[in-house]
Amino acid sequence: MNPSSTSPSKQNKAVLVTGAAKRLGREIALQFARQGWDVAIHYGRSEAEAQETVAQIQKLGRTAQAFQANLANEAEVTVLFAAVASQFSGLHCVVNNASIFEYDRANSDSKLTSKSLQEHMQVNVVTPILLAQLMFETQKNNVKNSDDESLPSVIQLLDQKLINLNPDYLSYTLSKAALLTSVEVLAMDFAPYLRVVGLAPGISLPSGDQTQAGFSKAHQMTPLGKSSTPVDIAKAAVFLAEASAITGTTLYVDGGQHLLSSSRDVMFKTP
C-alpha cells in the first residue's frame, strides 16, 4: 500500500475508483471531482499515471490520494479498503471499474483455460463483491440518516454485450455475467444501508491492438450512430452515485449498442 500524503477528508463525500490511473477509470475519477467529490485513486502498476490523476484532481480543488493494491490478492484488497476508509471518512461510493479483459474462446486457438477463468473471476467478480461487502459493513456501522444526502452506493462496471452474448472473450463474459447477477442479489442483501447498481458501457475506447480507424468504425455501429464516450460513462456514474432511489438494476450507456445482436465481438467486425 503506497498512499500519497494528504490530510484525511472528514466532510466532503468521497469515492473510491478502482483502476483510476488511466483510461475510463481516470475519466470517472475526474468527473466525480468536477462534481465536488473527493477521490481515492486505486492503481495496480501505473503509479506515475495515478499520481498524475491525483494532481489533476487537486487542481480542481478536491482532495485526492493514490492507493496501490493487487486486486487479485484478497489480503491487499482488504488493506486497500481499510486505508481508503481511514483517510476518507466521507466515503460514500465505490466504483469497481478495474477488470481483466483478455481474449479467449472455447472453439479457437486461444482456448479457455482454468487459469484464465480463475484470474478473470478473481479480479472481475470476487474483488468487486468483497469491496461491496466491506463498504456495506462500514455503512451499517456508521448509519447517518439525512434527508438531503443520497444513500451510499457501489457501482459495478459491466458490459453491454451481456444483453446480446457472443463467444468472444469467454472468461471475461462469464465473469461480467456473474457480476451482473450479483448487482440484484447484493442490492437486496445490503438494503437499506447500501445501494448496489450496475453500469454497462458500450465500446468507449480502443481495446487491445484495435486501430483507431477500426475503433472509430465500431463506435458508430449503434442505433444512435455512436456508442458511449468515457465522459458519458463518467457522468452516468456520478448520476447513479447520487440517485437515492436506484438500486439492484443496471444502466446501459451505449448508444443502443445492446439492441443489436452480433455473432462476434464488435472489435472483430472492423479492420
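Quick note: residue numbers are just sequence positions, from 1. Values below: all heavy atoms of this structure, side chains included; hydrogens, waters and symmetry mates excluded.
No side-chain donor-acceptor contact under 3.5 Å links S175 to the backbone of V125. A distance-only check finds a donor-acceptor pair linking the side chain of T53 to the backbone of A21 [under 3.5 Å]. Counting only distance, with no hydrogens or angles, the side chain of N124 and the backbone of I100 share a donor-acceptor pair below 3.5 Å. For the pair S86 (side chain) and A83 (backbone), a donor-acceptor distance under 3.5 Å is present. Using modelled atom types, one side-chain atom of N141 and one backbone atom of E137 make a donor-acceptor pair closer than 3.5 Å. With K176 contributing its side chain and L157 its backbone, the two residues share a donor-acceptor pair below 3.5 Å. Judged by distance alone, the side chain of H42 and the main-chain N or O of G19 form a donor-acceptor pair under 3.5 Å. At distances below 3.5 Å, at least one donor-acceptor pair connects side-chain atoms of R195 with backbone N or O atoms of I246. At least one donor-acceptor pair under 3.5 Å links the side chain of T247 to the backbone N or O of V196. A donor-acceptor distance shorter than 3.5 angstrom exists from the side chain of T181 to the backbone of A177, with no hydrogens or angles considered.
Between R105 and D168, at least one side-chain N (NZ, or NE/NH1/NH2) sits under 4.0 Å from a carboxylate O, which counts as a salt bridge. Using a 4.0 Å cut-off between a side-chain N of Lys or Arg and a carboxylate O of Asp or Glu, R34 and E27 qualify as a salt bridge. Ion pairing between K22 and E52 fails under the 4.0 Å rule for side-chain N and carboxylate O.
Residues L158 and T250 meet the side-chain proximity criterion, which asks for heavy atoms closer than 4.5 Å. Proximity of E47 to Q68: side-chain heavy atoms (C-beta onward) are nowhere separated by under 4.5 Å. Between V154 and L131, the closest side-chain pair of non-hydrogen atoms is not below 4.5 Å. Using a 4.5 Å heavy-atom threshold, the side chains of W37 and Q31 count as separate. Side-chain contact between L117 and S114 is absent, with no heavy atoms from C-beta onward closer than 4.5 Å. At least one side-chain heavy atom of V253 sits less than 4.5 Å from a side-chain heavy atom of L199. By the 4.5 Å heavy-atom criterion applied to side chains, I57 and T63 are not counted as neighbours. In this structure, the side chains of L91 and T138 stay at 4.5 Å or more apart for every pair of heavy atoms.
For the side chain to side chain donor-acceptor pair (under 3.5 Å) test, no residue two or more places apart in sequence or in another chain qualifies with E49.
Closest of all the heavy-atom pairs between Q58 and A64 is NE2-O, 3.7 Å. Of all heavy-atom pairs between S99 and V123, the closest is CA-CG1, 4.2 Å. For the pair A132 and L194, the tightest heavy-atom approach, listed with the atom from each and the gap, is O-CD2, 3.7 Å. In this structure, F32 and C93 approach most closely via the heavy-atom pair CZ-SG, 4.4 Å. In terms of heavy-atom proximity, L240 sits nearest to G198 at CD1-O, 3.9 Å. Across every non-hydrogen atom of I155 and A237, the tightest pair is CD1-O, 3.2 Å.
To the nearest 0.5 Å, atom CG of residue D38 and atom CG of residue N12 are 4.5 Å apart. Rounded to the nearest 0.5 angstrom, L30 CG and K59 NZ are separated by 11.0 Å. Interatomic distance, CE of M135 versus CG of L130, reported as 13.5 Å (0.5 Å rounding). Interatomic distance, L186 CG to Q156 CD, rounded to the nearest 0.5 Å: 7.0 Å. The line from NE2 of H120 to CG of L112 is 9.0 Å long, rounded to the nearest 0.5 Å. Atom OG in S46 sits 11.0 Å away from atom CZ in R23 (nearest 0.5 Å).
Criterion: ILVMFWY side-chain heavy atoms under 4.5 Å apart, direct or through other members. Under it, V39 and F239 are part of a common hydrophobic cluster. In the hydrophobic clustering of this structure, V126 does not group with L174; members are Ile, Leu, Val, Met, Phe, Trp, Tyr whose side-chain heavy atoms approach within less than 4.5 Å, directly or through other members.
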>> Between Q87 and F67, does the side chain to side chain contact (heavy atoms under 4.5 Å, CB included) criterion hold? Intermediate values first, please.
In response: CA-CA 11 Å; Q87 290 297 310; F67 299 83; 4.3 Å; yes
>> Would L251 and V197 count as a side chain to side chain contact (heavy atoms under 4.5 Å, CB included) here? Give the steps.
In response: CA-CA 8 Å; L251 178 63; V197 293; over 6 Å; no
> side chain to side chain contact (heavy atoms under 4.5 Å, CB included) between I41 and Q65: does it pass, once the steps are laid out?
Replying inline: CA-CA 6 Å; I41 303 294; Q65 191 167 335; over 6 Å; no
> Hey, mind stepping through F88 and V15 against side chain to side chain contact (heavy atoms under 4.5 Å, CB included) and telling me if it holds?
Replying inline: CA-CA 9 Å; F88 292 86; V15 59; over 6 Å; no
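For the 3.5 Å distance criterion, the side chains of Y172 and D159 qualify, holding a donor opposite an acceptor. Inspection of the E76 and N70 side chains reveals no N or O donor paired with an N or O acceptor under 3.5 Å. If you check the side chains of N97 and T18, you find no donor sitting under 3.5 Å from an acceptor.
The aromatic rings of Y169 and F101 lie parallel to each other, their planes meeting at an angle below 30°, with 60° marking the opposite boundary.
Environment of CD in Q122: crowded, with over 12 heavy atoms of neighbouring residues, nucleotides or ligands closer than 6.0 Å.
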